[in-house]
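Contents: one structure, followed by commentary.
Since we're looking at a predicted model, the values are computed, not measured. The basis for the numbers below is simple: all heavy atoms, side chains too, and nothing from hydrogens, waters or symmetry mates.
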Amino acid sequence: MNHNLGHDENNDDDDDEIDEVDDTCRQTQNFRLKESQLRKRLEEKPNKNAKLMSTLALHLAQRSRELASEFEKVGNTPAASADARLINESKRLQTEAIMLAERAIQTAPQKPFGYAALSNIYPSSVDYSAERMTMLEKAISCSEQEEDDKYIIALIGLLVRQLLEPRELEARKVKGKMGKASKQHPSRRPLSAAEETSYQKLKTLLTKAWGISATATATATATATTITSEEQTQFLVQQEYKLGLFFRKKDPVAIQVPRARHHLTNCITRQCSNTTSSKLTTASPSPSPLQSQSAMARFWLGTLGQLSASTNDSNHHNKHNHHHLVSRCPPEYIVGLYSTFADRFDELLVEKLDYQTPTKLRQLFDQAVVVANVAVQGNKDKKKQLQQQQQQQQQQHRHYCCLDLGCGTGISGLAFQDVVCKMDGVDLSPEMIAKARERNCYDSLKVADVVDALLQEVVAIAEGAEGAEGGGSTTISDDSIGSKYDLILACDVFCYIGDLSTVFASVKRLLSSDGFFCFSTELLRHHGPQTVIISEENFRLHSCARFSHTEQYILELAKEHEFEIVAKELADCLRTNQGANVEGMLTILKPRQ
C-alpha cells in the first residue's frame, strides 16, 4: 500500500523555497524596471511633474513595505542579522518616498497628488494617524475644486479611505479591550452624521464614475484607452468591495446590510461586464485580480443571505442547487483567517471556544469501531472482557494509515495518533502546517486545498494504476483506484465547504475496503427559533462565514457514494460562537461491502 501523500515533504519544502526565491527575484526585477522608467521620465521634467513625483513616491513606498514585511517573516532567527539589509533598504526607500511627495506638494500645492501620496506613505499607525488624515483631507479638498470631475476616480478612493481608515485605526486601539460583538465596536457602531454625509457623496460619485467608465469602454478605439478603462474598472471594483465589507456588520442592520449587498453586487456585476467587454489576449491559468475580487464578493454576499438572480449562475433553476450559489469558502479567505492567529489558535479554540470535536470524534471511534459493537450489559466480567478486547484491537489498528484533512495545528492528529502507524496531514494555511509540524505526530504535511489535494491523489493513483497495466485509457474508474488510506479524518473542516459531493467521491476512492471516514459537520436544522430554511436546502452559508449541513444531506451523500454508517451522533456543542453552543453531528462511515 502506498502511504505517501503527494511528494516527500522535504522535497516540497525545497520546491517552496525555490518558488519563494523566484517570486522575490521577479518582484525585484519588476520594481527596478518600473522605478527606472519613472526616474527617466522624471529627469525629463525634474520640477514640473507633480503627478509623476507622486507616482514614483508611491512606488518606492510600496516596495518599502514589501521589504519590511520580508524582514518581519525572518523574525528573531539567526538569519535576522544577515537580512538587516532589508530593513535598512526599506527605511531608505521610505525616506525618499516622503521627500518626493513633499516635492510634489511644493511643485503643485493646488493639486491633490502630493497630499494623496503622503497620506498613503505615512505609516498607518497611531503615531502618524493625524498626519495621514490631514494630508488625506487636503487631497480631497484639492480634488473637489477641480472642474468636470477631472479626478473623480481618485476622489472616490480618497473618500473611501476617509470613511474606513479612522474606524480601522480605532479597532486596533480597542483590540483586546472590546469584543467585536459589542455594538460599540468600530466595526459595528452606526455611522455618525459626518460619516453619513461623506457616504452619500461617495455613493453619488460612484454612480457617476461607473457611467464614465462604461462610456470610456464603449467608445475606446485605441489600446491605451482600453487599458486605462480596465484599470479604472479594477480600481472602482476594489472600492465597491471595500464598502461592501465596511457595511457588512454595521448597525442598524436594516439600513447597512442592504448597502453591503448593493456594493458587493456591484463588485460582481461590474467585473462580469468588464470581462465580457474586454478582449483576452492571453490565457491565464490563474484568476485575474478582478476575478478573485469577484469571487470574494460573491462569498461575502452569500453570508448576507440568498443571492439575487442577477448574480446567479446557470443552476438558478435547479431545485437542488439554486440556494447554494456559494459552495465553499474561497482559499484566500481561509489562508487570511488562519494566518492571523495561528500562534494563538489552540488557546482561542480550545480554551475560549470550548472546542471538543477531535475528542468527541475519537470517543465515538473507540465506541463504534474499536469495541466493535459488543454491548455492555453492566456485568463486571463483561466490562473487563471489553477492555481487554479494546486494547487488543487498538494494537491491531496501529497498522492504519491516516489522512488528516484540514489538520490545522494538529489537534485532531494528536487525538488519533495512538491508533495509526502513519499519518499525513493537509491544510491550506502554511502557518497552521508549521504549528502541526511541531507536534511530531505527522509523517508528512502538505500545504494545499483539501478538495484539490484529494482530487490530485485520486488522479495520481489512477495514473499509477494505468501505467502499471500499460493501458491507454485516461478514464478514472473505481476499479483503477487502489486503496491508499485506512482512516480519513475531517474535524471542523466541512464548515468551510458547502457542497461535499466531490469530497465524498474522492474519499471513497482513496479509502481501503475496511477503512473509516470520520468527520464532523455543523448541524443545519429545518426548524428552530432562529432558522427559516427552505426544505430543499442541504447546506447554508451563515453570516459567520461558516457552512452548516442537514443530517439528511449527509445520509444521502453516504448512500450515493456507497458508504454505510458505522456511527452517528448529534452533539449539543462542538464549540461556542459568541457565547452560544454550536450544534453538530459526528459521523463515521465505511465503504459498503
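To the nearest 0.5 Å, the span separating NZ on Lys203 from CG on Leu159 amounts to 15.0 Å. Between Leu52 atom CG and Leu42 atom CG the span is 5.0 Å, to the nearest 0.5 Å. Taking CD1 of Ile411 as the reference point, atom CE of Met432 lies at 7.5 Å (rounded to 0.5 Å). Here CG of Leu264 is found 6.0 Å from CG of Leu245. Values are rounded to the nearest 0.5 Å. Here Leu56 contributes atom CG and Leu100 contributes atom CG; the two are 5.0 Å apart, rounded to the nearest 0.5 Å. Within the model, atoms CD1 of Ile105 and SG of Cys142 stand 9.0 Å from one another, a figure rounded to the nearest 0.5 Å.
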Problem set entry | From CA spacing to verdict: ring pair (Phe, Tyr, Trp, His ring centres under 6.0 Å), Tyr338, Tyr333 | CA-CA 9 Å; Tyr338 285 102; Tyr333 165 72; 8.4 Å; no
For this session: Run the numbers on Arg63 and Glu66 for salt bridge (Lys or Arg N to Asp or Glu O under 4.0 Å), then give the verdict.
Result: CA-CA 5 Å; Arg63 183 57 179 163; Glu66 290 172 356; 3.1 Å; yes
For this session: Output, in order, the C-alpha distance, side-chain angles, deciding distance and verdict of side-chain contact (heavy atoms from CB on, under 4.5 Å) for Glu332 and Met296.
Result: CA-CA 8 Å; Glu332 299 92 335; Met296 287 297 294; 4.3 Å; yes
For this session: Decide yes or no on salt bridge (Lys or Arg N to Asp or Glu O under 4.0 Å) for Asp251 and Lys183, but give the supporting numbers first.
Result: CA-CA 8 Å; Asp251 287 326; Lys183 291 189 175 184; 5.2 Å; no
For this session: Check the pair Gln162, Leu202 against side-chain contact (heavy atoms from CB on, under 4.5 Å), reporting the backbone distance first and the verdict last.
Result: CA-CA 10 Å; Gln162 187 184 46; Leu202 183 53; over 6 Å; no
For this session: Would you sort out whether Lys111 and Glu146 count as a salt bridge (Lys or Arg N to Asp or Glu O under 4.0 Å), showing the intermediate values?
Result: CA-CA 9 Å; Lys111 298 291 184 180; Glu146 293 290 336; 3.3 Å; yes
Problem set entry | Derivation and outcome, side-chain contact (heavy atoms from CB on, under 4.5 Å), residues Ile497 and Val451 | CA-CA 9 Å; Ile497 307 172; Val451 178; 3.9 Å; yes
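Within the structure, the ring-ring contact (aromatic ring centres under 6.0 Å, His included) test picks out the following pairs touching residues 158-205 (sequence neighbours left out): Tyr199-Phe247, Tyr199-His263. Among pairs with a residue in residues 87-102, those fulfilling salt bridge (charged side-chain N to carboxylate O under 4.0 Å, His left out) read Arg39-Glu96, Glu89-Arg92, Arg92-Glu96, at least two apart in sequence or across chains. Within the structure, every pair that satisfies the salt bridge (charged side-chain N to carboxylate O under 4.0 Å, His left out) test and touches residues 151-166, not counting sequence neighbours, is listed here: Arg132-Glu165, Arg161-Glu165.
Contact annotation: the side chain of Leu428 never approaches that of Val447 to less than 4.5 Å [non-hydrogen atoms, C-beta and beyond]. Side-chain contact between Leu191 and Arg167 is present, with heavy atoms from C-beta onward closer than 4.5 Å. At a threshold of 4.5 Å between non-hydrogen side-chain atoms, the residues Glu196 and Gln200 count as touching. Using a 4.5 Å heavy-atom threshold, the side chains of Ile140 and Leu155 count as touching. Contact of the Asn49 side chain with the Met53 side chain is not registered, since no non-hydrogen atoms from C-beta on lie closer than 4.5 Å. You'll find the side chain of Lys138 stays beyond 4.5 Å of the side chain of Ser119, heavy atoms only. Under the 4.5 Å side-chain criterion, counting only non-hydrogen atoms from C-beta, Pro258 is not in contact with Ile255.
Without hydrogens or angle criteria, Thr197 side chain to Ala193 main chain gives a donor-acceptor distance under 3.5 Å. Thr303 places a side-chain N or O within donor-acceptor distance of the main-chain N or O of Trp300, the cut-off being under 3.5 Å. In this structure, the side chain of Thr55 engages the main chain of Lys51 through a donor-acceptor pair within 3.5 Å. Of the possible donor and acceptor atoms, one in the side chain of Thr107 sits under 3.5 Å from a partner among the backbone N and O of Arg103. Here the side chain of Glu195 pairs a donor or acceptor atom with the backbone of Ser192 at under 3.5 angstrom. With Lys250 contributing its side chain and Ser187 its backbone, the two residues share a donor-acceptor pair below 3.5 Å. The closest donor-acceptor contact from the side chain of Ser182 to the backbone of Met178 lies at 3.5 Å or more, if one exists at all.
No hydrogens or angles considered: a donor-acceptor pair under 3.5 Å links the side chains of Glu240 and Trp210. Side chains of Gln256 and Arg259: a donor on one and an acceptor on the other come within 3.5 Å. A side-chain donor-acceptor contact under 3.5 Å links Ser90 and Ser64. Side-chain N/O atoms of Ser548 and His542 include a donor and acceptor closer than 3.5 Å.
Residue Cys267 comes nearest to Tyr241 through the heavy atom pair SG-CB, 4.0 Å, listed as atom of the first residue, atom of the second, then distance. Between Val326 and Arg298, the closest heavy-atom pair is CG2-O, 3.3 Å. Summarising the geometry of Tyr442 relative to Cys407, their closest heavy-atom pair is OH-CB, 3.5 Å, with the distance given to 0.1 Å. In this structure, Leu236 and Ile156 approach most closely via the heavy-atom pair CD2-CD1, 3.8 Å. Of all non-hydrogen atoms in Asp427 and Gly406, the two that sit nearest each other are OD2-C, 3.3 Å. Ile152 and Leu205 make their closest contact through CD1-O, 3.7 Å (heavy atoms, listed as atom of the first residue, atom of the second, distance).
In summary, of the residues considered (Pro109, Ser141, Ser143), a side chain to side chain contact (heavy atoms under 4.5 Å, CB included) with Tyr115 occurs for Pro109 alone.
Considering only residues two or more places apart in sequence or on other chains, Leu58 meets the side-chain contact (heavy atoms from CB on, under 4.5 Å) condition with Ala117, Asn120, Ile121. Every residue two or more places apart in sequence or in another chain was checked for a ring pair (Phe, Tyr, Trp, His ring centres under 6.0 Å) with Phe246, and none qualifies.
Around the CE atom of Met99, the shell of radius 6.0 Å holds no more than 12 heavy atoms that belong to other residues, nucleotides or ligands.
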Extract all donor-acceptor atom pairs below 3.5 Å that involve side chains of residues 168-175 and protein atoms in other chains or at least two apart in sequence.
from: Glu170; atom 1: OE1; to: Arg189; atom 2: NH2; distance (Å): 3.0
from: Glu170; atom 1: OE2; to: Arg189; atom 2: NH1; distance (Å): 3.1
from: Arg172; atom 1: NH2; to: Ser124; atom 2: O; distance (Å): 2.6

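For Arg546 and Tyr496, the positive end sits near the middle of the six-membered ring, less than 6.0 Å away and at most 45° from its axis.
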